[in-house]
Amino acid sequence: MKIATWNVNSIKARKPRILDWFDDAKPDVCVLQEIKCVDDAFPAGDFEERGYNVFVHGQKTYNGVALLSKHPVEDVIRGVPGFEDEQSRYIQGTVFPEDQEPIRVGGLYMPNGNPAPGPKWEYKLAFMEALTRHMEESLEDEDAFLVAGDYNIIPTAEGVYDPIGWKDDALFRPEAREALRRMLNLGLTSAVPTLLHEPYYTFWDYQGGAWKKNNGLCIDHILMSPEAADRLEEAGVDADARDPEVGNGDTKPSDHVPVWATFE
DNA sequence: ATGGTCGTTACACGA
């Protein structure tokens, strides 16, 4: 079973590229971030005709997340439990494959947090704390659980092309890296680094020719509970999706690329 | 040397 995450930066602007990727990558489950539309504006039909059940936690202009699954989904949650939030940044559901054990899948769009310090940074700190608490509570159930998405956190210096230049950025500040380590210390494991033993990026800014210079960041992650990690088979990053020369030339790429993992 | 991001929205903001 293949589970993917992708910050698409507008479902409307990106639709042809997204559908091409779905037809090629064929994820069983995919969480999308920054869909930038309300629930009713999400093009559910395009995914339903490909066999997906569609769950949306939308928001106009900013944010918005979705959960797509070829398998039945139950217990859908919108928003981080216990965290009052006007912004649509989290969706979760329990996926029931026909011939495998179920797995709870969370789709995350963490606040960016810039500029730091300031109210946006404070919001990010509060969100990270609430998400950590939700992860901790979820782990008590001791079943397969993962949170995939745009964490907006660079884990280590290997995850940024210019660590010194980014040291005060909300994506790389010590408090953000600490928050991610706190999640890992709960017992969660990051899927891609477990199997890919080299640095990698998942985001390249639109500005400054970042893609051509490979000025990337590693900010999209899949964190797995021990029970999910035990079932991990493969994991990867579809970096080609960032290349304007590859794929649908009429549609510009997202600044993020899909990150995925497969489970037995 | 020149211009040098994108998406949504509306003439600015967030990333």
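The chains referred to below are lettered A, B, ... by the order of the sequence lines, with proteins before strands, and numbering in each begins at 1. Computed from a predicted model, the values in this text were never measured in an experiment.
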Apart from A:L131 itself, residues in the same hydrophobic cluster as defined by side-chain heavy atoms under 4.5 Å: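 Joined to A:L131, directly or through intermediates: A:V80, A:F83, A:Y90, A:L108, A:M110, A:W121, A:Y123, A:L125, A:F127, A:M128, A:M135, A:L139, A:F145, A:V147, A:Y151, A:I153, A:L180, A:M183, A:L184, A:L186, A:L188, A:L223.
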A:F96: hydrophobic cluster co-members (side-chain, 4.5 Å):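 Members other than A:F96 - counting any ILVMFWY side chain reachable under 4.5 Å - there are none.
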Earlier contact from the 5' end, DNA chain B, for A:A13 and A:N63: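 In this pair, the answer is A:A13.
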5′-ward residue of the pair A:S10/A:Y109 relative to DNA chain B: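 Looking at the nearest nucleotide for each, A:S10 comes out on the 5' side.
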Contact under 4.0 Å: A:K120 side-chain N or O vs B:dG14 OP1/OP2: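 Looking at the OP1 and OP2 atoms of B:dG14, one of them is under 4.0 Å from a side-chain N or O of A:K120.
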Main-chain N/O of [Y] paired with [X] side-chain donor or acceptor, under 3.5 Å:
X	Y	answer
A:R104	A:S138	yes
A:T5	A:V259	no
A:D28	A:K2	yes

Sugar-phosphate only, base, or nothing, as touched by A:R242 at under 4.0 Å among non-hydrogen atoms: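 Nothing, no nucleic acid heavy atom in range.
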Pairwise P distance for B:dT9 and B:dG14, with rounding to whole Å: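 My reading of the P atoms in B:dT9 and B:dG14 gives 15 Å.
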Using atom names, set out every protein N or O paired with an N or O of nucleotides 4-6 of chain B below 3.5 Å, distance rounded to 0.1 Å.
unit_1	atom_1	unit_2	atom_2	d
B:dT5	O4'	A:Y206	O	3.1

Options B:dG14, B:dA15, B:dT8, nucleotide nearest the side-chain atoms of A:R89: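 When the side chain of A:R89 is considered, B:dA15 is the closest of B:dG14, B:dA15, B:dT8.
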A:T61 side-chain proximity, nearest of B:dT8, B:dG14, B:dA15: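 For the A:T61 side chain, the nearest candidate turns out to be B:dT8.
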Length of the line joining A:K15:NZ and B:dG7:C1', which is rounded to integer Å: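 It works out to 17 Å between those atoms.
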Spacing between A:Q87 atom CD and B:dA15 atom P, to the nearest angstrom: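 After rounding, the gap between these two atoms is 7 Å.
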Evaluation steps, ring-ring contact (aromatic ring centres under 6.0 Å, His included), between A:W21 and A:W6: CA-CA 11 Å; A:W21 179 80; A:W6 194 5; 5.2 Å; yes
